[in-house]
Amino acid sequence: MSVGVISPYNAQVYAIQEKIGKTYSAHSDFAVNIRSVDGFQGGEEDVIIISTVRCNANGKIGFLANRQRVNVALTRARYHFQIPEVSH
């Protein structure tokens with residue numbers, strides 16, 4: 001089983017990598033790969049988690065303006081893709 005965690009923002013990729021660390025590196029049958037959307041281009045994992053948290057002065061997610069990057073993020077899962085519900 002391979003899990004990919006994708007974020008369009010490098011700072012968030014680094015933060016997730018810091019939290020997870022080498023937690024799953026000892027498991028030969030389970031892998032977690034954390035990269036930016038651009039870093040995932042051409043890659044594929046069994047399950048994909050997309051993290052798009054963003055906070056800026058304009059309240060905008062500039063990443064979503066680029067359809068090619070969105071396509072890469074949404075098509076990396078080999079078996080299943082799910083967007084979690086967000087409550088406001």
Looking only at heavy atoms, what is the nearest atom pair of F40 and V5, with distance?
-> CE1-O, 4.0 Å
With sequence neighbours left out, write down each residue that passes side chain to side chain donor-acceptor pair (under 3.5 Å) with N33, or none if nothing qualifies.
-> R35, E45
N/O donor-acceptor pair under 3.5 Å between S7 side chain and V13 backbone | no
Nearest-0.5 Å distance that lies between atom CD1 in I48 and atom OG in S2 | 7.5 Å
Reported CZ-to-CG distance for the pair F30 and D46, which is rounded to 0.5 angstrom = 9.5 Å
Using a cut-off of 6.0 Å, state whether more than 12 heavy atoms not belonging to Y14 lie near its atom OH.
-> no
